[in-house]
Amino acid sequence: MSKRATRTAISPTRDENYPEWYQQVVRAADLAELSPVRGCMVIKPWGYALWENMQRALDGMFKATGHSNAYFPLFIPLRYLEREAEHVEGFAKECAVVTHHRLEPGAGGGRGAAGEVRGAGGVVPAGKLDEPYVVRPTSETIIGEMYSKWVQSYRDLPILINQWANVVRWELRPRLFLRTAEFLWQEGHTVHATAGEAHEETLRMLGVYADFAENHMAMPVVRGEKSAGERFPGAENTYTIEAMMQDRKALQAGTSHFLGQNFARACNITFSDRDGALAHAWTTSWGVSTRLVGGLIMTHGDDDGVVLPPRLAPQQAVILPIYKDETQRNAVLDFCRGLERRLRDARYADEPLRVAIDDRDLRGGEKNWYHVKRGVPLRIEVGPRDLAAGTVSVARRDQPPRQRAAVAHEQLVADAPALLAAMQDGMLQRARRFLADHSTRVSSLAALEEYFRDDASAGFATAPVSAAAEQDPAYRELLGRLKLSLRCIPDAADTGTCIFGGEAGAPAAVIARAY
RNA sequence: CGGGCUGUGGCGCAGUGGCUAGCGCGCUCGGUUCGGGACCGAGAGGUCGGGAGUUCAAGUCUCCCCAGCCCGACCA
């Protein structure tokens with residue numbers, strides 16, 4: 001394209017066109033692509049490996065907090081969903097519904113009405129179901145149904161179960177990882193004997209999410225409670241972690257819900273307490289999804305592609321052999337294999353280093369950029385000169401792509417874990433600074449409007465907003481016009497005068513544009 | 001579900017009704033290069049979204065259909 005010195009691997013750059021940059025990064029890093037099925041994506045090996053690393057870490061944290069995995073059906077009888085009024089209303093507009101269970105030869109004999117070729121035999125749905133099934137948009141009702149059978153005594157409680165699954169929410173505005181009709185997630189569903197215990201669980205899992213986001217993804221988050229208008233359909237309280245992307249928009253990265261007794265009533269989850277009295281149980285649910293992959297990209301990615309935090313990178317280091325002829329190749333590769341072994345014996349974050357040699361028959365430069373775009377933390381070049389000098393040439397993904405340092409190879413092996421740790425920490429610090437630099441407090445409507453007037457600087461604004469404001473037409477008009485939403489209330493005790501209605505004691509809410 | 005736009009090799013595009021439909025990237029092969037997103041040469045790959053029509057002649061004009069994209073309401 002243009003001059004070498006200014007050329008970036010991703011075009012356009014973040015500044016030029018952020019949404020397009022995002023799409024190009026996902027493509028360049030080979031994370032995922034859209035499928036022939038509208039609204040659904042194919043997660044490719046590199047993207048899926050990232051998700052697997054997230055899963056592994058989260059799964060360990062769930063187990064460590066006493067949860068077990070189980071699996072519930074993909075199909076939910078329609079009448080289950082109807083049991084909780086707010087719940088069904090909340091999801092009604094985005095449900096895939098299964099109405100038939102068989103295919104039969106169609107009347108057109110292989111051609112549709114418009115003459116289009118149909119599937120192999122020209123088949124049509126048949127065997128209409130008496131009651132349709134909904135493809136789960138979430139599993140509260142089907143899991144609740146089972147819990148109602150499992151729970152009889154206070155001695156059966158708590159139940160602490162998590163499920164790794166796919167869910168479908170019929171979205172027709174796909175954005176890879178951020179919003180697709182089908183996505184992968186985990187959903188925790190717990191049952192407790194008391195409100196206090198359930199509430200404690202809700203906040204505990206919010207804490208797990210925040211911990212994961214910050215310490216594994218290096219993605220700082222704002223924790224808080226959702227306002228009534230943003231609550232999960234059927235929940236008493238919804239808590240969220242909100243992250244700031246590099247376009248300063250908020251991404252809801254995880255939610256944890258205190259469901260009160262709403263679903264226990266809807267699903268008839270009752271138990272005899274210590275006094276022999278029959279009571280409805282208290283439930284929670286909490287989830288994070290493959291959306292986190294999108295959050296990771298938009299938190300750390302740069303104009304050369306993805307930048308992966310070492311703890312989640314499918315490969316933490318890649319060794320790139322450099323040679324001209326067969327003699328050199330043998331010597332260099334031999335050395336690389338030894339280096340690979342020694343690096344794998346090193347440990348970072350309680351795991352062996354994930355190292356690979358890339359010996360594909362590609363041009364060196366092309367190969368190097370391939371790994372830059374995919375975000376591999378360390379690129380280690382090994383050529384004949386290195387062999388002679390006892391060094392390797394090390395490039396860090398958190399530094400400019402052409403910058404590299406000659407390091408004695410024994411020193412690299414010794415320092416690699418610390419190097420990865422420093423990168424992980426540096427990424428978190430940088431992201432924290434970004435969040436802090438683009439957050440502000442405002443105490444008037446005028447100040448709020450002023451803050452969001454310049455799209456290039458606005459981020460998170462915190463302002464007192466009363467519960468009543470969400471019903472206020474002026475509130476709706478302003479937030480609608482500025483495309484803002486209430487992200488969360490970080491601390492209910494932090495209050496002031498509502499910038500909309502002027503009520504005293506209104507909790508401070510984070511207001512931002514959001515994904 | 002309302003408004004606007006677009007369908008031409010894998011991707012991105014060009015193509016005043018007229019000869020064998022081109023270009024860039026990518027791909028394959030050969031060579032020259034080699035601490036680097038190389039260069040030269042040769043090659044593979046398209047029933048121009050589908051159907052009907054107008055015409056001596058349609059990628060190009062008309063009609064219908066289909067698909068996708070963008071903008072509005074919802075969303076992990």
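Here is the naming used below: chain letters follow the sequence lines, and residue numbers restart at 1 for every chain.
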Row check, Tyr370(A) ring normal vs Arg360(A) NZ/CZ: under 6.0 Å, within 45°:
yes
- prompt: In whole Å, what separates the C1' atom of rU33(B) from that of rC40(B)?
  reply: 11 Å
Rounded to whole angstrom, note down the P distance from rU62(B) over to rU55(B).
16 Å
To the nearest angstrom, the CG-C1' distance between Asp361(A) and rG36(B) comes to 14 Å
Asn368(A) CG to rG35(B) P, in whole Å, measures 13 Å
Whole-Å distance, Trp369(A) CH2 to rG37(B) C1', equals 7 Å
Taking the C1' atom in each of rG45(B) and rG72(B), what is the distance between them to the nearest angstrom?
41 Å
- Task: Show the numbers, then the answer: is there a side-chain hydrogen bond (donor to acceptor under 3.5 Å, both in side chains) between Glu470(A) and Ser227(A)?
- Result: CA-CA 9 Å; Glu470(A) 281 189 299; Ser227(A) 64; 2.7 Å; yes
Minimal heavy-atom distance between Leu176(A) and Tyr22(A), with the atoms involved, is O-OH, 2.6 Å
Scanning both residues in full, the closest heavy-atom pair of Leu482(A) with Arg513(A) reads O-NE, 2.9 Å
| message | Say we look at rA44(B) and rU8(B): how far apart would their P atoms be, to the nearest angstrom? | response | 23 Å
Dump every N/O contact between nucleotides 30-33 of chain B and the protein below 3.5 Å, one line per pair.
from    : atom 1 : to        : atom 2 : distance (Å)
rU33(B) : O2     : Arg363(A) : NH1    : 3.3

(Q) Please give the distance between the P atoms of rC64(B) and rG26(B) as a whole number of Å. (A) 42 Å
Taken to the nearest whole Å, CZ/Arg385(A) to C1'/rC34(B) is 11 Å
Result for side chain to side chain contact (heavy atoms under 4.5 Å, CB included) between Glu381(A) and one of Ile319(A), Asn368(A), Val318(A) points to Asn368(A)
Query raised in the report: Taking the P atom of each, how far is rA67(B) from rG51(B), in whole Å?
Result: 16 Å
Rounded to whole Å, the CG-C1' distance (Leu362(A) to rC27(B)) equals 13 Å
### Task
Quote, to the nearest angstrom, the C1' distance that separates rU60(B) from rG53(B).
15 Å
Identify the pairs formed between an N or O of the protein and an N or O of nucleotides 9-13 of chain B at a distance under 3.5 Å, and give each distance.
none

Rounded to whole Å, NZ of Lys373(A) lies from P of rG37(B) at a distance of 13 Å
Item checked: Pair of N/O donor and acceptor under 3.5 Å linking rG36(B) base with Arg404(A) side chain -> yes
5' to 3', nucleotides 69-76 of chain B under a 4.0 Å protein heavy-atom cut-off (B base, S sugar-phosphate only, - none) gives S-BBBBBB
His371(A) NE2 to rG36(B) P, in whole Å, measures 16 Å
